[in-house]
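Here the structure is laid out as structure tokens; the discussion comes afterwards.
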Amino acid sequence: SPNSALAHGNLGVALGQIGDLEGQIREEKEALRLEPKSERARINLAWALAGVGNWQDAHMYYSQALDLDSTLLEAKTGLGLARIHTGDIK
């Protein structure tokens, strides 16, 4: 369904798995638009953004995911990598 965050998220993951990270970014942004509190869409979007070298935005989305659920190991790991790549180490 065009109005299903889950469908857009699943399509995004599938696109990412075949190397279409720009397609994944597009689909994850749509999933996030449809379900603004989705930490999964944020993590998937951050992963794809990191994959294209956009570490600043990846940092932002990983941080937002952790704001929603501070126990997300994948977001903690991704944020750590994003901090290294952006020089945000304190």
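In what follows, every heavy atom counts, from backbone to side chain, and hydrogens, waters and symmetry copies are set aside. Start at 1 with the first residue, then count along the sequence.
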Nearest atoms (heavy-atom pairs only) where Q24 meets V13
NE2-CA, 4.0 Å
Do the non-hydrogen side-chain atoms of W55 and I84 ever get within less than 4.5 Å of each other?
no
Whether the side chain of R26 engages the backbone of G12 through a donor-acceptor N/O pair (distance < 3.5 Å, no angle test) should be reported.
no
When hydrophobic residues are tied together by side-chain contacts of less than 4.5 Å, even through go-betweens, does Y62 share a cluster with V52?
yes
Could you check whether any side-chain heavy atom of L6 comes within less than 4.5 Å of a side-chain heavy atom of H8, counting everything from C-beta outward?
no
Between A41 and A31 the two heavy atoms that sit nearest each other are CB-CB, 4.2 Å
Determine whether L66 and E39 satisfy the following criterion, side-chain contact (heavy atoms from CB on, under 4.5 Å), listing intermediate values before the conclusion.
CA-CA 8 Å; L66 287 168; E39 56 276 321; over 6 Å; no
Which salt bridge (Lys or Arg N to Asp or Glu O under 4.0 Å) pairs, counting each pair once, include a residue from residues 55-80, with sequence neighbours left out?
R40-E74
Roughly how far, to the nearest 0.5 Å, is CD of E30 from CD1 of I25?
14.5 Å
About how many Å separate OG of S38 and CG of N44, when rounded to the nearest 0.5 Å?
8.0 Å
Nearest-0.5 Å distance that lies between atom CG in N3 and atom CG in L34:
6.0 Å
Any chance you could measure E22, atom CD, to L15, atom CG, to the nearest 0.5 Å?
11.0 Å
For a 4.5 angstrom cut-off between non-hydrogen side-chain atoms, does Y61 reach L32?
yes
Count I, L, V, M, F, W, Y as connected when their side-chain heavy atoms are under 4.5 Å apart, and connections chain through other members. Are M60 and L49 then in the same cluster?
yes
Is there a side-chain contact between L21 and W47, using heavy atoms and a 4.5 Å cut-off?
yes
Can you tell me how far apart NE2 (H59) and CG (D88) are? Round to the nearest 0.5 Å.
4.0 Å
CD on E27 to CG on L45, rounded to 0.5 Å
11.5 Å
